[in-house]
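Okay, so here's the structure we're looking at.
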Amino acid sequence: MGKQPTMTEGAGTRAVTVEEYVAARASAGLAEVFGAIAAAARQIERKIRLAGLGDIYGAGSIYGAAGVVNVQGEQQQKLDVFANDLLTELLRGVASVAAVVSEEDEGPVVFERGSGVRDSDAEFVVVFDPLDGSSNIDVNVNVGTIFSVVRRVGDVVASVLRAGTEQVAAGYVLYGPSAVMVMTLGEGVAAFTLDEEDRFVLTAEGMTMPEQGPYYSANQANAASWPEVYREFVRGLVAGELGGQEYGARYIGSLVADFHRTLLKGGVFLYPPTKKAPRGKLRLLYEAYPLAMVAEQAGGAAVDGEMRILEVRAAGIHDRTPLVIGSRTEVEALRKAVLKTAEEVE
Ligand code: FBP
């Protein structure tokens, strides 16, 4: 994980916050965006950490369904709604943000800027999955927030429906034993850990994903409904056919947690097309694009089976995609196998 980066100031050194890190490398407007995401993440982390106590302190449980079905047709969890409302409100307070697009909302939430804020100031659109891994919220397993920042070019929807290569920043916050924000501005990957003073401080820089890793991660209960090439790929991994590497299986069922392990340890996470979800289950704009940018910036790769995820164009803000992401060796091997199968079919 590398040396603990600090900022030398006078005689002493002190930790670098994510806001300072971004301000030193990008615009003040983007640093404010990260400030709002960090502020939301602090409150979400606290809510999740104390969630089990709700009943005891009579606050009522924050666990469970909110009784509303979201645009995905999923039962919204109370924590989904809490995280979504919080991120939206904190980003509304940032002048450089024109609008947000969330997994939980049908369409973009466009912020009406009062007088004194020029339209051009609102240069960003922030796209996010406020709480990823909903099925794990109530069982105290790691969940996360995933975010992507794009430049607004005229219409908000047109701005976010451009290729993933147009992202100016991306990342996620993992709410685990410690809360960690992993992000990229397009020049490498850095991690920030929530400290006792409630700040996200820099704990790793220039993070790289191993070229090949010891784990594959997939919901194998779906394997019978995967295209044959994916079943054959996993069989080959387990049989040690990819350069003799031995593989163990790991699947948490929270994308952020499964990706974070893959970033640190290497290997591959895959959510192939299934009979139930022939276009994949995971969402392109606020799950695949941001994680693909982090993966590539760390020397890894991400494809939809055939294409580089960052070059896939979305037709709608809630588009889904197959996702194969992780170390370059495994992802390239899978892509080659899928392309070969496609050629044979032609
Ligand atoms: P949301 O919780 O944000 O809807 O995310 C989808 C997700 O929970 C991912 O975090 C995870 O990788 C996947 O779905 C798990 O799906 P499954 O239960 O089909 O394995």
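Order of listing sets the numbers, starting from 1, for every ligand and every atom in it. What you are looking at is a predicted structure, and each value in this text was computed from that prediction instead of being measured.
In summary, the atoms of ligand 1 found under 4.0 Å from a heavy atom of Glu103, numbered by their order in the structure, are 1 (P), 3 (O), 4 (O). Near Glu287, meaning under 4.0 Å from any of its heavy atoms, are these atoms of ligand 1: 3 (O), 5 (O), 6 (C).
The N/O atoms of Gly133, backbone and side chain alike, include one that comes under 3.5 Å of an N/O atom in ligand 1. For ligand 1, the polar-atom distance check finds an N/O of Leu255 within less than 3.5 Å of one of the ligand's N/O atoms. Checking only distances, Asp132 does come within under 3.5 Å of ligand 1, N or O to N or O. Not a single N or O atom of Ser135, backbone or side chain, sits closer than 3.5 Å to an N or O atom of ligand 1.
Relative orientation of the Phe269 and Tyr251 rings is parallel, given thresholds of 30° and 60° on the angle between their planes. Using a 30° and 60° split on the angle between ring planes, Tyr230 and Trp226 fall in the perpendicular class, above 60°.
For atom 6 (C) of ligand 1, the closest non-hydrogen atom on the protein side is Arg283 NH2, 3.6 Å. Here the protein heavy atom with the shortest distance to atom 11 (C) of ligand 1 is Gly253 O, 3.3 Å. Nearest protein heavy-atom neighbour of atom 15 (C) of ligand 1: Tyr251 OH, 3.4 Å. At the shortest separation from atom 14 (O) of ligand 1 among protein heavy atoms lies Lys281 NZ, 3.1 Å. Among all non-hydrogen protein atoms, the one lying nearest atom 19 (O) of ligand 1 is Tyr271 OH, 2.6 Å.
Annotation: Tyr286 is not in aromatic contact with Phe147 [ring centroid separation under 6.0 Å not met].
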CA sep, side-chain torsions, deciding dist, call: Leu255, Leu323, side-chain contact (heavy atoms from CB on, under 4.5 Å): CA-CA 11 Å; Leu255 174 61; Leu323 179 63; 4.3 Å; yes
CA sep, side-chain torsions, deciding dist, call: Leu263, Val182, side-chain contact (heavy atoms from CB on, under 4.5 Å): CA-CA 10 Å; Leu263 174 66; Val182 173; 4.0 Å; yes
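Side-chain polar atoms of Asp132 and Tyr172 form no donor-acceptor pair below 3.5 angstrom. With 3.5 Å as the limit, one finds no donor-acceptor pair spanning the side chains of Thr321 and Tyr271. Between the side chains of Glu20 and Thr17, at least one donor-acceptor pair of N or O atoms lies under 3.5 Å. Side-chain contact, Arg261 with Ser217: a donor N or O sits under 3.5 Å from an acceptor N or O.
With a 4.0 Å heavy-atom cut-off, ligand 1 is reached by the side chain of Asn219 but not by its N, CA, C or O. Under 4.0 angstrom from ligand 1, there are no non-hydrogen atoms of Lys276. Contacts of Ser254 with ligand 1, taken as heavy-atom pairs under 4.0 Å, involve the backbone alone. In Asp129, the part holding a heavy atom less than 4.0 Å from any atom of ligand 1 is the side chain.
A salt bridge is absent between Glu343 and Lys336; no separation between the charged side-chain nitrogens and carboxylate oxygens falls under 4.0 Å.
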